[in-house]
Trainee: 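Please find one structure pasted underneath; my questions will follow.
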Amino acid sequence: MSKFTTGLNDEQRRAVLTTEGPLLVLAGAGTGKTRVITHRIAHLLAGGVPARAVLAMTFTNKAAGEMKERIAKLVPHGAGADLTVGTFHAFCVKALRQFGDRVGLRRNFGICDADDQLMAMKQALRELQLTEADMPPRLCLSRVSLLKSRLLGAEGHLESGDQGEVDLGRAYQRYDAALRASGVLDFDDLLVYMVKLLQDRATLAPFRERFRYLCVDEYQDTNGPQYEIVRQIGGEHRNVCVVGDDDQSIYGWRGADVSKILNFERDFPGAAVVRLETNYRSTYEILQGANAVIRHNTSRHEKTLRSAAGNGEAIIVRRLRDENGEAEFVVADMLQRLRDQRVPLGDLAVLFRTAVQPRVFEMQLRRAGIPYNLVGGMSFFDRKEVRDVLSYLKLIANPSDELALLRVINTPPRGVGGTSVEKMLAVAAQHRLPLADVIARGSEFAALPAGAVVGARAFLESLAGLRHLQTGKDLVTLVKQVVQVVGYQEEIKRCYPEQVTRLKRWEAVTEIMNMAEAHGRMGEAATLASFLEDVALNAQDDNDKEEPAEGRLTLMTLHSAKGLEFGEVYLVGMEEGLLPHARSVADGNVEEERRLAYVGITRARRRLTVTYTESRARYGKRATVLPSRFLYEMLGKQTPPDLLHQSAAVAGKLAAVEEEGAVVAAAPPAPARATKPAAAAKKAPAAKKR
DNA sequence: GACTGGGCGCTTTTT
DNA sequence: GCGCCCAGTC
């Protein structure tokens, strides 16, 4: 026995005590997953395992932070200091900084974000003379990312008979070449290069020797390279504990591979399996609804959530006329809960499928004067000013960062327009020189417009002049000087005549200064490079901390709700076409949508309200909509076959439009509709007239 | 080279 | 219905 098992149920205890050999913990929503992981690690340490032998990997910084914090509370002061707890990406960056030269990386490689990726891809497509119509950059990027997340290179596509596929392969190659030339890696590369690194036995051996106990959180979200990293490091001693819930796998579209958790017992023969099914979060009624929905998925580990909390209120289902009515109802209901039931604001959340849905809710909430927090949306780091200033900094840290250079080469305008940049790039390609060198030696090349060269060169030289200010104590000075040297404040004034927007924009710039100041306090270890790395890897988190959690209600997508819980949840837009999303229906991904619905339902502790509408404005047009099949499932009803047909027809049309020209056999024509969508709602208890 | 309007096309977004 | 891209003007 161990003191770390007191207060745990039998299954949790078994998971904590099973320290040797492979272990799969299937942790349903709200079953105390984090508790098990943290107690298990504390138990390992108490049993004499040195902290430095433990490697725990998560997908988010938030999860990593929480894990560290909770372990620290369990073990004697300082005993957890040598644990390696972090995201896969952070772990890989650290390893690659140390050994990256073995796989052809520079020590000071940068990490590029989504925006840089898009720029690189656009550049690649331009070079290949592919128009955006032939090959939309975003789509191309997501396909390349998907390939990387399966550890696939471009080769397979280059030999394809299909021109589109060949183009994709070539774009993949050009894109990668652009990143390499800039000395940066994208997020997928961090994992892919780590796998490459571990392929070398001599490099792998010390990792295996050191990390004798592995733990992976949210294993259902593991992609190809991540799995490979776990398999390589843990493959010999096999002390690999993975924790996750296949029913909450909602990131398939970006490469997460549920089959990894479904096949764990095959991949690690002899694995112990623990199912955590006692839910400490929600009422019996809510879990009934959740179980009833998820039961309809076919490929899953069988699990049924049991409520430890006992009975509560029935799930409330409401049908509304349209999205405005939906928002009105929800906000009015919330107001009533706040006033009459004294429900704290922080206990309330509205969850939705798509980013356009919250708009009407925001309007209503503002009108009602209720403070809310919209999670997601544009992040601080997506703002133009932030991206611009960070690009200057990236250029100072790494003069060959061509992506950063291209972004700000004419910001503020310095006479280096698109045509000039094109010419410079052409010269660079022709002479196989970095863009920065072409600019520096501009006068040697007759083909270049003199004015543009002078402007670009002056810009690069002024940045180079600041390169000496890179240490921790000078980070803030550096940012201030950069902003001053390029004249960014004036640029903001020029672009935004309105005082209010101007101030907001400038605020973002000063916020970077604050971040630099905070980072500088790390002391000697703080450098410009470490600052940029921190920003790249922790961007999302810094966004989160802005939220004054209490005293605001939450609006967020189902995706961002995973892992959270709220006293009272409004799951809105429970309609065919929205949840499940029409696109997913068309692609045959209804099971992942069902998991999304399941995630939504299981966020609620004591009260769940599900709403759907009769009509909804979509792409500016109003259309009649049907209640979601998941609603029927949740209520234990047969989904009308009609509804599925109609939904498939709508989805089919969408797909046909998208694959223009392709002969897509649309679903059979919708039968004469006669379903009464209200039927489901009528049965639902507690539906009250407003 | 820098600024304005018409046209198109749309999920989700841990790092 | 909104934003983003490109094409057209000054």
Side-chain angles (χ1 to χ4, degrees), chain A residues 57-64 86-93 111-114 117-118 122 131-133 136-139 141-142 145 149 185-191 217-218 220-223 225-226 248-256 351-357 359-360 375-379 381-382 410 412-422 449 451-452 455 494-495 533 535-541 543-544 556-563 573 577-587 589 592-593 595-596 599-600 617-622 651 654 657-658 660:
Chain A
M57 283 184 286
T58 65
F59 283 82
T60 66
N61 294 304
K62 204 170 147 197
T87 64
F88 272 98
H89 292 85
F91 175 68
C92 293
V93 167
I111 300 164
C112 81
D113 56 34
Q117 286 183 282
L118 196 61
K122 281 182 183 170
T131 66
E132 301 219 347
R138 276 169 205 280
L139 179 71
L141 208 48
S142 78
S145 168
S149 73
L185 299 184
D186 66 21
F187 281 117
D188 296 312
D189 287 338
L190 296 176
L191 305 172
D217 189 21
E218 305 278 16
Q220 77 281 356
D221 292 337
T222 308
N223 69 13
Q226 287 162 334
Q248 292 186 72
S249 164
I250 55 174
Y251 285 105
W253 50 276
R254 51 193 267 177
L351 306 183
F352 40 83
R353 176 67 178 87
T354 70
V356 294
Q357 284 170 267
R359 213 170 244 143
V360 268
V375 180
M378 189 147 88
S379 131
F381 295 91
D382 294 335
N410 203 31
R414 50 181 75 86
V416 195
T419 340
S420 301
V421 173
E422 282 298 316
R494 190 183 67 88
C495 294
E533 181 176 308
V535 167
L537 290 177
N538 299 306
Q540 224 61 39
D541 268 15
N543 188 32
D544 284 351
M556 70 172 135
T557 62
L558 289 165
H559 282 91
S560 27
K562 194 177 76 167
L578 218 46
L579 184 65
H581 196 277
R583 176 109 180 222
S584 297
V585 175
D587 297 346
N589 292 335
E592 184 154 311
E593 297 287 308
R595 292 192 287 264
L596 218 33
V599 166
R618 243 177 107 91
Y619 307 142
K621 280 206 181 86
R622 185 150 295 283
L654 187 89
V657 171
E658 283 196 350
E660 57 171 329

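The model shown is predicted, which means the values in this text are computed figures rather than measured ones. Residue numbering restarts at 1 for every chain, and letters A, B, ... go by the order of the sequence lines.
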Trainee: Before giving the answer on side-chain hydrogen bond (donor to acceptor under 3.5 Å, both in side chains), spell out for T557(A) and S560(A) the whole-Å C-alpha distance, their side-chain angles and the decisive distance to 0.1 Å.
Mentor: CA-CA 5 Å; T557(A) 62; S560(A) 27; 2.6 Å; yes

Trainee: How long is the straight-line distance from NE2 of H581(A) back to CG of L558(A), given to the nearest 0.5 Å?
Mentor: 12.0 Å

Trainee: Test of understanding: with salt bridge (charged side-chain N to carboxylate O under 4.0 Å, His left out), list the residues that count as partners of D188(A), not counting sequence neighbours.
Mentor: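 In terms of salt bridge (charged side-chain N to carboxylate O under 4.0 Å, His left out), with neighbours along the sequence ignored, D188(A) is linked to no residue.
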
Trainee: I need the CZ-P distance between R618(A) and dG9(B), as an integer number of Å.
Mentor: 16 Å

Trainee: Taking the chi torsion of dT11(B), is it syn (within 90° of 0) or anti (everything else)?
Mentor: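 In terms of base orientation relative to the sugar, dT11(B) is syn.
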
Trainee: Check the orientation of F59(A) and F88(A). Use parallel for under 30°, tilted for 30 to 60°, and perpendicular for over 60°.
Mentor: tilted

Trainee: Between N538(A) and dT15(B), is there a side-chain N or O to OP1/OP2 distance below 4.0 Å?
Mentor: no

Trainee: Using modelled atom types only, decide if a donor and an acceptor are shared between the side chain of E533(A) and the backbone of I111(A) within a distance under 3.5 Å.
Mentor: no

Trainee: Between the main-chain N or O of N589(A) and the side-chain N or O of E593(A), is there a donor-acceptor pair closer than 3.5 Å?
Mentor: no

Trainee: Stacking check: are the rings of H89(A) and dT15(B) less than 5.5 Å apart at their centres and under 30 degrees in tilt?
Mentor: no

Trainee: Rounded to the nearest angstrom, tell me the gap between atom NE2 in H581(A) and atom P in dT12(B).
Mentor: 7 Å

Trainee: Checking all strands, does E593(A) fall into the base, sugar-phosphate, or nothing category for heavy-atom contacts under 4.0 angstrom?
Mentor: base

Trainee: Please check the phosphate of dT12(B) (OP1 and OP2 only) for any side-chain N or O of S560(A) closer than 4.0 Å.
Mentor: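 Answer is no, no contact under 4.0 Å.
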
Trainee: Of all residues at least two apart in sequence or in a different chain, which pass the salt bridge (charged side-chain N to carboxylate O under 4.0 Å, His left out) check with R622(A)?
Mentor: E323(A)

Trainee: So is the aromatic ring of W253(A) stacked onto the base of dT12(B), judging by whether the centres are under 5.5 Å apart and the planes are under 30° apart?
Mentor: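 Base of dT12(B): stacked against W253(A).
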
Trainee: Would you classify G415(A) as touching base, sugar-phosphate or nothing, given that sugar-phosphate means primed atoms plus P, OP1 and OP2, and contacts are heavy atoms under 4.0 Å?
Mentor: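 Sugar-phosphate only.
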
Trainee: Scan A355(A) against the nucleic acid and name what it touches under 4.0 Å (heavy atoms): base, sugar-phosphate only, or nothing.
Mentor: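 Sugar-phosphate contact only - A355(A) comes under 4.0 Å of backbone atoms but never of a base.
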
Trainee: Earliest and latest nucleotide of DNA chain C, 5' to 3', sitting under 4.0 Å from a non-hydrogen atom of chain A?
Mentor: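 Reading along DNA chain C, I get dG1(C) to dC6(C).
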
Trainee: Between D217(A) (CG) and dT15(B) (P), how many Å, whole number?
Mentor: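 One finds 13 Å between P of dT15(B) and CG of D217(A), rounded.
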
Trainee: Once ring-ring contact (aromatic ring centres under 6.0 Å, His included) is applied, do any residues pair with Y251(A), and if so which ones, sequence neighbours excluded?
Mentor: W253(A), H559(A)

Trainee: Establish, with yes or no, whether the OP1 or OP2 oxygen of dT11(B) is under 4.0 angstrom from a side-chain nitrogen or oxygen of T557(A).
Mentor: no

Trainee: Taking N or O atoms only and anything under 3.5 Å, show me the protein contacts with nucleotides 3-5 of chain B, one pair per line.
Mentor:
{"from": "dC3(B)", "atom 1": "OP1", "to": "R494(A)", "atom 2": "NH1", "distance (Å)": "2.9"}

Trainee: Please report, rounded to the nearest Å, how far the P atom of dC10(B) is from the CG atom of L139(A).
Mentor: 9 Å

Trainee: Can you tell me how far P of dT14(B) sits from CD of Q248(A), to the nearest Å?
Mentor: 17 Å

Trainee: CG of N61(A) versus C1' of dT13(B): gap in Å, rounded?
Mentor: 15 Å

Trainee: With a 4.0 Å cut-off on heavy atoms, is Y251(A) in touch with a base, just the backbone sugar-phosphate, or nothing at all?
Mentor: base

Trainee: Return the nearest nucleotide to the side chain of R583(A); candidates are dT14(B), dA2(B), dT11(B).
Mentor: dT11(B)

Trainee: Could you tell me the separation between the CZ atom of F381(A) and the P atom of dT13(B), rounded to a whole number of Å?
Mentor: 18 Å

Trainee: S584(A) has a side chain; which of dT13(B), dT15(B), dT11(B) sits nearest to it?
Mentor: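 Closest nucleotide to the S584(A) side chain: dT11(B).
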
Trainee: Could you work out, with salt bridge (charged side-chain N to carboxylate O under 4.0 Å, His left out) as the rule, every residue matching D189(A), not counting sequence neighbours?
Mentor: K148(A), R180(A)

Trainee: From C-beta outward on H559(A), which listed nucleotide comes closest to its side chain: dT14(B), dT12(B), dT15(B)?
Mentor: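 Of the options given, the side chain of H559(A) lies nearest dT12(B).
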
Trainee: Distance check, rounded to the nearest 0.5 Å: T87(A) atom OG1 versus F187(A) atom CZ?
Mentor: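 Those atoms lie 9.0 Å apart.
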
Trainee: To the nearest Å, how far apart are L558(A) CG and dT13(B) P?
Mentor: 9 Å

Trainee: Using 4.0 Å as the upper bound for N to carboxylate O, is an ion pair formed by R254(A) and D221(A)?
Mentor: no

Trainee: Would Y619(A) pass as stacked on dC10(B), i.e. its ring centre under 5.5 Å from the base's six-membered ring centre and planes under 30° apart?
Mentor: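 Ring-base stacking flag set for Y619(A) and dC10(B).
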
Trainee: Can you find a side chain N or O atom of N410(A) that sits less than 4.0 Å from OP1 or OP2 on dA2(B)?
Mentor: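 Result: yes.
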
Trainee: For P449(A) and for R254(A), locate the closest nucleotide of DNA chain B by heavy-atom distance; then report the residue assigned to the nucleotide nearer the 5' terminus.
Mentor: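 Result: P449(A).
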
